Structures are given as C-alpha cells and as structure tokens.
Asker: 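Just passing along the structure, written as structure tokens.
Sequence lines set the chain letters: A, B, ... in the order given, protein chains first and strands last, and positions in each chain run from 1. Treat the numbers as computed from the prediction; the structure is a model and nothing was measured.
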Amino acid sequence: MIETGYTPQSVEGRWYQAWLEAEAFRAEDTSSRPPFCIVIPPPNVTGSLHMGHALNSTLQDILVRWKRMEGSNTLWMPGTDHAGIATQNVVERVLAEKGKNREELGREKFVEEAKEWSKRYEKRILGQLKKLGASCDWDRTRFTFDEGLSKAVRQAFVRLYEDHLIYRGERLVNWCPRCDTALSDIEVQHEEVDGRLWHVRYVFEDKPDEALIVATTRPETILGDTAVAVHPEDERYQGAIGRKVLVPVVNRKIPVIADPFVSMEFGTGALKITPGHDFNDHEIGVRHELPIIKIFTSKGQLSPEFLVDNEGKPLESERAEKYLGEDHYKVRKLILKDLEELRLSAGEEPHRHSVGHCYRCQTAVEPFLTPQWFVATKQLAEPAIRAVEEGRTKIVPETWTKTYFEWMRNIKDWCISRQIWWGHQIPAWYCLDCNKGKWSRKGKAVDAQRKAVTETADGQYIFFQDAKAIVSLEDPTECPKCEAKNLVRDPDVLDTWFSSSLWPFSTLGWPEDTSALKTFYPTSVLVTAFDILFFWVARMMMMGLKFMGEVPFREVYIHALVRDPEGQKMSKSRGNVIDPVEIIDKQGADAFRFTLSSIAAQGRDIRISGERIEGYRHFCNKIWNAARFCLSHLGENPPDREAALLAVRKAKKGDSDSPVRPADHWILSCLHRTTRTVREALESYRFNEASSVLYQFMWHQFCDWYLEETKHRLADKKEGEHVRALLAEVLETSLRLLHPFMPFMTEELWQRLPKPPGGPSLLALAPYPEVDERFIDEEAERPMGLLIEAITGVRNIFGEMDIHPRKKFRLSAQLRGELGELGREVLEKEKEFFVAATNAEAFSYLEPGQAHPPVSATDTTSWGDFIVDLKGLLDFGAERERISKKLAAARKDLEAVQRRLDSPQFEERAPAEVVQETRARRDTLVELMARLEGNLARVTEWEKES
RNA sequence: GGGGCGUUAGCUCAGCGGUAGAGCGCUGUCCUCACACGGCAGAUGUCGCUGGUUCGAUUCCAGCACGCCCCACCA
C-alpha cells in the first residue's frame, strides 16, 4: 500500500538508477529524430554544487527532459572545467596544510597532484548534479583538461597564431601579486574603497626652495616616477614645463612635461608619472618616450632594479635602500614617514576611489609590465556581433543583447597567458641558439640592455617580446631555422576561459570531423547566468564562428543570480549559504527543482528562502495524496481512457443516460489549457509561468474540485468505470506534464498506475502531453463555473456567519434568466455533489416570485438566489453585515464602470466589443445591487417581525 | 562618465493598455473516510512621485526620487 505522505528520501535514489540502466539519457550521434543539444556550463572541478549550479542545471534539465519526451534526439553534454587559478589555489592550500609548497614539489609533480584532485572532485560535483536529477548523457562527460580537449586547445591556439590572431608582447597587464600571475581585464573586479590622497612636494632641481606639489593615492609608486605632467594650458605651471624636478627620497631627476590627459581640476593639477605601474601613466610614458622603471617584483615586493636614474644609471639612496624587499604596503608606510622627515609632504585628504581586485583571491591587483600572450579580439568580435544582429543567435531576455553589443564593440585584446602551472601549457618554444645574441625592445635607457632571452638566477628563462617563438601542433625537437636542439618551452599556461571558449564544439569531438558535431552543432540553447556573459558566452561566440564557421548556439537563455532571502550574495564568510545538497536531502530534489523553476523569471537576482521550498514540498505531498486517492480506486487493470474521452466529446445535451457530467468537460478543458500554457511557456523560457499554471491546475482545479466531484460517482455502477478512466487520464497526463519539473516523484507515481501493455517502461521516456484543442472550450466549462459560484456562495454564508458547518439546513435555489436555465441543468446533473459540497440536508427549487422562507440567508449569484434556511436561526446583524459588504463592493465596481461609460468619447472611440462588455457589466451590477438591497430589506423586515 | 535593472498586499515576487494576482504570513473555523505537509471561509493594495500620450494607464513615453548592478577607470 502506498504511504500516506510523500517521503522523497525513499523514492529519489531508486529512479535515477533506473534511468541510467535504461540508458534513458543517451543521445545518438546520428539519428533521424530532430536534434536538441545543450552543453552544460562546466562547473569548476574543485567546486561543490551551489545555488547557482542548482538553478542553472534545473532549468537545463527541464528543457532537456521536455525535449526528450517530445521525441527529440536529446543531448545534454556534461563536463567540468579545470579552473586554472582557482584549482591551483586550492591545491596549493592543501599542500600548505601538509607543510609543502609547489616549488619544492616541482611542476610535473604538482600538475599530477592537481590532476588527482580534479578526478576526485569531479566525482563529487557530478554526483551532486545526479542527485538533483540532471539527465546528462554521462558517457560523454568531458573535462577541459582531458586529452581530447587539450588537443582542441592546441589546434585552436596554433591556428589563431598562424592567422596572426594570437601574438606576444610586453604590455602593462593586471597582475595579482598573490596568485603571481597576469589576469585578463575582466578578471579584475573594481571596488570603491576609502583611501587617502597625499600631497607631495617635488622640488626643482635648479631651485631647491621651489617645488611642484603632486597628489597621489599610491605614494609608494613615487620610487618609479620618471616625469611629472601638467596640462599644457595650465597657467599655473607654464614656467615649470621643461624644467626638472627631483623625485623625493631617491632624488631621480625627472622632467616636467605637458600632456592634455592631466586634469587641471583634480588635486593640484600636477600628476606624477609612473609608467611601470599605472595604465594611464604608461600611455603618457609611451607618448613622451619616458623610461619605464619597474619598482616591484611579481610578488609585490620592492625590487632592487628601481634604484636607477632616468638614464638607467645607478642611483644611491640610503633611505630607499632600506625598503628593498618589502611589501608595497610596508613601503608606503615607510615612504610616508620619510616624506614627513624630509618635509616633503604637503598634507593629505580622504579620497574614495576604485581599486581592482583579483576575482579569484580578492587581492588588490597591480599593473605590471611583462611579456604576455594575447588574442587579437577585434577581428573575432566582428562576426560575433553580426551573428546576434542578424538573429542567428538570439539572446533571451533580449535586454542582454545590448550589454553584449556594448562589450563586444569595445572589446580589448585578451591576455591569455597565466604564470601558473595548472593548465594547458602554451605550445610555444624558443631556440636558445637563435635568440642568443638578440636584444630586446626598442626601449630607452633602462630596458635597452636586456636580452631577448634572459636566464634568471634560479635557472629559469624569461622570454621577452623579441624572442622568436616556435608555435606548432607537434612538439618540436629542433629549431626549424638553425636545427639546434636547444629548445625551451614557454612556461606559461593558458587562461582557463580559453579552453571553455571551445566547449560547444570541443566536447563534440573537434578538431575531428565527427558525426556528433554534424548532428548537434550548432547547439540548441545555452543556459547561463549573466555573470559569465563576457567571460564565456561572448568568447564562445567568437571561437565558434572562427573555427566552425557557425554560431555555437541558436539561443542563449540568461537567468538571474541566486541570493539569500535578504538579497545578499551567498558566501561562506557571511554564513548565509543555503546548501542545495542539504535541501535535497531534507526537502527532496523535486520540491527544490519546482521552487527554482517557479522563481526563475525574476530580474537580476532571485532570492530563495526555506519557506518557499517548504511550500512546494507541500505541493509534492498534495500530488502524492491525490494520486493515492486515484490509485485506491483504480485497481489493477488499466481503464479504457479513450472510450471515456470519446464519451465526453460525444456527450449531448439532455442525454440522461450518459455518464458524462459538467465536471468532466470542465476538467478536460482545464487540463488541455494548462498543457497549452506549459508548452508555450517552455518554448519561451518562462519557467515560472509553467510552474505556476501546473500548480494552479493540480491543486485548485484537479484536487479542490474535480476529485471532490468524483467522490460520489465512483461507487456508482453506471458511472464508476467512466470516472475511473477520466481520473486515470487526468492524473497520468498531469504526471507527464510535471515530469520535467519533478522527475522523481512523478516517475514513482506513474509506475504505480495501471498501464496498458506495450507502452514505454519509464515516464522519462513517455511522450509529453499534446494539446487537444477540441477539449478547450469555454462554453463547456461554463456549467461547472456556475456550480462553483453557487457552492462558494453558500459556503460563504456559513463562513461569514460563524455557523458550525455541520449544522443541518435546508437549501433552495431560485433561478432566473438564461443562465438560470443552464444552471438548472447543471444542478440536476451534479445534484449529489452540490448537496455534498454545500453540506445541505435537503435541496429544492423555489419558483420565480415565490417568497423566500422567512428568516433565511440568501446568496445572490449571477444566475439565481441560493437560500439557506436555518429555520430562523439567523443572526440578523451578521447577515446584514455580510450583505452590506457585498453591496459596497458592487457599488464600488459600478461607480468605476459608470464613470467609464459617462466619459464623452468612450462609446465613440473604444472598440464596440469593449463598449458592449462594459454596458453588460453595468447592467449586471445594477441588477445585483437591486437584489442585494432586496435581501437587506428582507432581513430588516424579519428582524422587526421577530 | 557611460549603460542597465528595480520600485505592485505584512514578506518574497508574478502581471503589464480595458473588472489588481500568486505563494508564504495573518484571522476565523473544521481532525468531513487522498492529504492537518490538509479542508472551508476571510482581511489587506491612492501598483514610488510628477507630467504626457490615450475614450481608458499599474501597464506606453518623459522627467524626478529612492535602491541596486555592470562597464570605464582622473592620479
């Protein structure tokens, strides 16, 4: 026997295994069925399933399960991302716990260690997706760092290089001193912080008692200044331009230059120029051919190289020497103190400004001058822009297209090299022989002495931008130019997002020309949150078009970010993390999925609360119990649903022999209307609407009314079979409708239904319900509507007057008009239900004009009066209040309607239909009010008489 | 500086030119044989403000206020 309450724990485990065994999620590489394909946004291997994954995966799974039931050759391609910096950080932390670090482990061993980790954690995150019900084709699972995908990366890199779309150059890039690597521009998160603006005196070389006052937020960079700039039209500084000032502490002689970039309004109007450590300064430096002095090491410590003058000759400064090797925050402190002592500080003020932080470790990033690899994006972006303009890829909701265009049209070259170990090592080699005598860079002074390939103290090589790289598909064994075997591979690895950008085709077998590619590329839709629109979506567009000549996906559905109930980002430090795995264990995957679907429509972020999930757990229980009710009546043999449906369609008015009742027409109309809405909603990614109509239908139409209506019919010999068939029809169809949203419970219940032989063995493989328009019929729904109106009205009398619902009473109906005639038919056909639902002891009709039984309560509906005779036990005051309330509501409505009708141009300009409706409504309200007033008067009269 | 989003019932949010909706919460009542994870009934909104378009605006347009986000990054 089926349990009285739904316990997800005892159901969910079973079915996932059954689906796997039946290979229900398998997609065919070649098939005559229409393809449908989604590639999963690969979660980071090190990650644990969080709310974002849960939402993202649920939405994908709903689409995929729906399409699979529709009969498409459906592929949901799973996999994980090796997540370069993030994983390296985690693995390093683990090593640190064991008292080790990556340097002592060495590159090869470290990478092996990280691979181990990835393997272990991949299982965890994929296992969690399975718990959620994700119906991926697991046999195809890929990893951005697996052999095949590494091949794709290599191919892509080489081809882009050969097409001059990848180049190497020494640029000022964003650098994370903690991760010790370059970052791309979008990996830097800018945040406003409260800082200070220090004013510092730069004395003139020729007149030490005069000084330029410069404002800076980063006094430590003073050590790298190679000029001071003022605006060319700034009257205050006309005499200064061309003269020299001394950099405080180190006394480097630097020129005062004029550049229009400088704002005369900000600070003192004099800007110190540190071309080695600031993006704007760097540009000015290039414009004026200033020397570039790097004062920090890659780890943010003061480097010994900074003690040079503008000609590159060594400088001496005792004060500055003591900063050597110090972290730049420490240097700031020290230099501020020294400025004070040297009487070179000229005040400070609070200053709010934005500072870039590493998106992986939140450390403040530094602009850092290093040789790096870049993708030239302008050319790649162009077709990606066009594809969206032309609608070859559609972004939903559309508002994001603007953001996409905005970014794509202003795209900057993409720094793809990272100075870490975990990732695809760049396939570039340098011939030590060829590059031996070569000098690097045109640069001035400081840099002029540098070799193109420089060996560092610890035996590593630095390859500057003039070093000639050998880039090839196969690892070269000798230099193609000089045939020397003295080759060294570039130590850098590629940005993780480089491999992710190939995901939609690399996972399908590219660069091989596979049948999977032919079948599934372009994929159908990409489902993702907006936070990786630039990181991932935009880049997949560029790479897909470049290598496949076609967009990677026809549609992009962008959903919101998940927040906690207070709208805060969920984070461990805030302690507000709702763990999806915990929810699944406690509330069940189905309730959780339904919750996510129901809130999916919200704008930029969605909040999730425990109460909401609990509400949908109750919904699961409701369905469970409705099914329990049906099952208890259904027995072993499948009823003849086709016959019952035919009977409903063929039912004729006045055929008293027919088992068909108004409720049957009504529920089938509702069912098919719901089906239609769900399908339309899914087509346009309106998940919340689909959930909402399913909820309304199951609970408030099927359970509240139809199940109740069938109760008295099931025992009937003549009707029982018909009703059972319809219950089976509606329940089974509902389960299929609901399956993509709550796969586990629906499968469990579906399996328990008596099934005709020869059908699918799993609900997951059953067809999705079709809309049969013949059943959607407002006319056929109306009779049940009248009945519901009457029942609710009568119940209202009891509810409002605080009469115990078990109180015996006689009920009579006084019908009127055309609707009354229709209503009378319904009442006749649904008499037992009407009586049971209102709890009346006896029911009879009053002829028109016949007096109401004295001292009774009346509910006036659109089609007649329903009179509750409590044999005089009426609370006059309560009844008057009840009627007055309705009267007031009707009056308010009437006023609004009348106002509209009174406005002079309404009849002239409004559509005839609207005018007619409005008039009809006025008439109805007028009549209703008259009757209510009549009821009121009657009560008053009775009160007087009593 | 540029761009975007939001402002609707106590809370969280749907709706978006023609009678204001849901869930949760709340009030009353009922352990009626599927479900108390339930039934029944009920209360609650100048749909942020000001103008405009329209016969009609919560819905479209403009401005304003408040809140939020993204991008650019004047030291």
Asker: Go through the steps for A:Y616 and A:Y695 under the test ring-ring contact (aromatic ring centres under 6.0 Å, His included), then give the verdict.
Answerer: CA-CA 9 Å; A:Y616 289 115; A:Y695 186 95; 5.7 Å; yes
Asker: Please assess A:E709 against A:F833 for the test side-chain contact (heavy atoms from CB on, under 4.5 Å), listing each intermediate value before the final yes or no.
Answerer: CA-CA 6 Å; A:E709 196 274 345; A:F833 173 54; 3.7 Å; yes
Asker: Taking only residues two or more places apart in sequence, or in another chain, which ones meet A:D225 in a salt bridge (charged side-chain N to carboxylate O under 4.0 Å, His left out)?
Answerer: A:K272
Asker: For a quick check of understanding: with a heavy-atom distance under 4.0 Å over all strands, which category does A:C630 fall into, base, sugar-phosphate or nothing?
Answerer: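 Nothing, no heavy atom under 4.0 Å.
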Asker: Would you call the rings of A:Y6 and A:W624 parallel, tilted or perpendicular if under 30° counts as parallel and over 60° as perpendicular?
Answerer: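 Because their plane-to-plane angle lies in the 30° to 60° range, the rings of A:Y6 and A:W624 count as tilted.
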Asker: Remember a base hit wins even if backbone is also touched, and classify A:E800 as base, sugar-phosphate or nothing at under 4.0 Å, heavy atoms.
Answerer: sugar-phosphate
Asker: Counting Watson-Crick and G-U wobble pairs whose two distances are both under 3.5 Å, find the runs of 3 or more in a row that involve RNA chain B.
Answerer: B:1-7 with B:65-71, B:10-13 with B:21-24, B:26-30 with B:38-42, B:48-52 with B:60-64
Asker: With heavy atoms under 4.0 Å as the rule, sort A:E191 into base, sugar-phosphate or nothing.
Answerer: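 No contact.
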Asker: Counting side-chain heavy atoms from CB outward, which of B:C55, B:C5, B:G38 is closest to A:P911?
Answerer: B:C55
Asker: Evaluate the side-chain proximity of A:L726 to A:I667: yes if any heavy-atom separation is below 4.5 Å, no if none is.
Answerer: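 SC-SC contact between A:I667 and A:L726 ruled out.
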Asker: Quick one: A:H357 NE2 to B:C70 C1', roughly how many Å, whole number?
Answerer: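 Interatomic distance, NE2 of A:H357 to C1' of B:C70: 16 Å.
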Asker: In whole angstrom, give the distance that lies between atom NZ of A:K402 and atom C1' of B:C71.
Answerer: 13 Å
Asker: Describe the nucleic acid contact of A:N839 in one word from base, sugar-phosphate, nothing, applying a heavy-atom distance below 4.0 Å.
Answerer: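 No contact.
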Asker: Write down the distance between CD (A:E192) and C1' (B:C74), rounded to a whole number of angstrom.
Answerer: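 Answer to the nearest Å: 13 Å.
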Asker: Please evaluate residues A:F535 and A:Y359 with respect to the criterion ring-ring contact (aromatic ring centres under 6.0 Å, His included), reporting the C-alpha separation (whole Å), side-chain torsions for both, the decisive distance (0.1 Å), and the verdict.
Answerer: CA-CA 12 Å; A:F535 279 102; A:Y359 85 136; 5.4 Å; yes
Asker: Does A:H618 make a side-chain N or O approach to OP1 or OP2 of B:C35 shorter than 4.0 Å?
Answerer: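 No.
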Asker: What's the closest nucleotide to the side chain of A:D893 if the choices are B:G39, B:U19, B:C37?
Answerer: B:U19
Asker: Nearest-Å distance, CG (A:L694) to P (B:G23)?
Answerer: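 About 15 Å, once rounded to whole Å.
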Asker: Please work out if A:H700 contacts a base, only the sugar-phosphate, or nothing of the nucleic acid, heavy-atom cut-off 4.0 Å.
Answerer: sugar-phosphate
Asker: Counting side-chain heavy atoms from C-beta on, which of B:C71, B:C55, B:C35 comes nearest to A:Q905?
Answerer: B:C55
Asker: What's A:V897 touching, base or sugar-phosphate or nothing? Going by heavy atoms closer than 4.0 Å.
Answerer: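 Result for A:V897 = nothing.
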Asker: Taking only the side-chain heavy atoms of A:A910 (C-beta and beyond), determine which of B:C5, B:C55, B:C74 contains the nearest atom.
Answerer: B:C55
Asker: Please state how far atom CD1 in A:I606 lies from atom P in B:A22, giving the value in whole angstrom units.
Answerer: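 Distance check: A:I606 CD1 to B:A22 P gives 22 Å.
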Asker: Where the side chain of A:Y695 is defined as all heavy atoms beyond and including C-beta, which of B:G39, B:G23, B:U54 is the nearest nucleotide?
Answerer: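 Shortest atom-to-atom distance from the side chain points to B:G23.
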Asker: Should the pair A:F702 and A:F697 be assigned to parallel (<30°), tilted (30 to 60°) or perpendicular (>60°) ring geometry?
Answerer: parallel
Asker: Is any side-chain N or O of A:K885 closer than 4.0 Å to OP1 or OP2 of B:G42?
Answerer: no
Asker: Looking at A:N410, I'd like to know whether one of its side-chain N or O atoms comes within less than 4.0 Å of OP1 or OP2 on B:A72.
Answerer: no
Asker: Please determine, for the side chain of A:N688, which listed nucleotide (B:C35, B:A22, B:A14) has the closest atom?
Answerer: B:A14
Asker: Applying a 4.0 Å non-hydrogen cut-off, can you work out what A:E614 is touching in the nucleic acid: base, sugar-phosphate, or nothing?
Answerer: nothing
Asker: Base, sugar-phosphate, or nothing for A:T403, non-hydrogen atoms under 4.0 angstrom?
Answerer: nothing
Asker: Heavy atoms under 4.0 Å, any strand shown: does A:D278 hit a base, just sugar-phosphate, or nothing?
Answerer: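 No contact.
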Asker: Select base, sugar-phosphate, or nothing to describe what A:T274 touches, counting heavy atoms under 4.0 Å on all strands.
Answerer: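 No contact.
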Asker: B:A34, B:A22, B:A75: which one has an atom nearest the side-chain heavy atoms of A:A626?
Answerer: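 Closest nucleotide among those given: B:A34.
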Asker: Side chain of A:F906, heavy atoms from C-beta onward: which of B:C71, B:A34, B:C55 has the nearest atom to it?
Answerer: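 Of B:C71, B:A34, B:C55, B:C55 is nearest to the side chain of A:F906.
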Asker: Report yes or no: is the cationic atom of A:R795 (NZ for Lys, CZ for Arg) under 6.0 Å from the centre of the six-membered ring of A:F798, at an angle within 45° of the ring normal?
Answerer: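 The answer is no, since A:R795 fails at least one limit relative to A:F798.
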Asker: Strictly below 4.0 Å: does A:R921 bring a side-chain N or O up to OP1 or OP2 of B:U19?
Answerer: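 Result: no.
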Asker: What's the CD-P distance between A:E708 and B:A34, to the nearest Å?
Answerer: 8 Å
Asker: Side-chain donor or acceptor of A:E3 under 3.5 Å from a matching atom on the base of B:A34?
Answerer: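 When only heavy-atom distances are counted, A:E3 does not reach the base of B:A34 through any donor-acceptor pair under 3.5 Å.
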Asker: When all nucleic acid strands are considered with a 4.0 Å heavy-atom cut-off, which category describes A:K412: base, sugar-phosphate, or nothing?
Answerer: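 Sugar-phosphate only.
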Asker: Heavy atoms from C-beta onward define the side chain here; which of B:A22, B:A41, B:G38 lies closest to that of A:K622?
Answerer: B:G38
Asker: From OH of A:Y404 over to P of B:G4, roughly how many Å is that when rounded to an integer?
Answerer: 18 Å
Asker: If you compare every side-chain N and O of A:H351 against the phosphate oxygens of B:A75 (OP1, OP2), does one of them come in below 4.0 Å?
Answerer: yes
Asker: Name the closest nucleotide to the A:L707 side chain, picking from B:A34, B:G18, B:G39.
Answerer: B:A34
Asker: With RNA chain B as reference, determine whether A:D281 or A:D185 sits nearer its 5' end, using the nearest nucleotide of each.
Answerer: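 Nearest-nucleotide comparison on RNA chain B picks A:D185.
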Asker: Using a cut-off of less than 4.0 Å, is there contact between a side-chain N or O of A:N621 and OP1 or OP2 of B:C35?
Answerer: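 The answer is no; no side-chain N or O of A:N621 sits under 4.0 Å from OP1 or OP2.
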Asker: Please tell me if A:W705 has a side-chain N or O lying less than 4.0 Å from either OP1 or OP2 of B:G39.
Answerer: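 No, no such contact exists.
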Asker: Can you tell me the distance, in whole Å, between the OH atom of A:Y685 and the P atom of B:A14?
Answerer: 20 Å
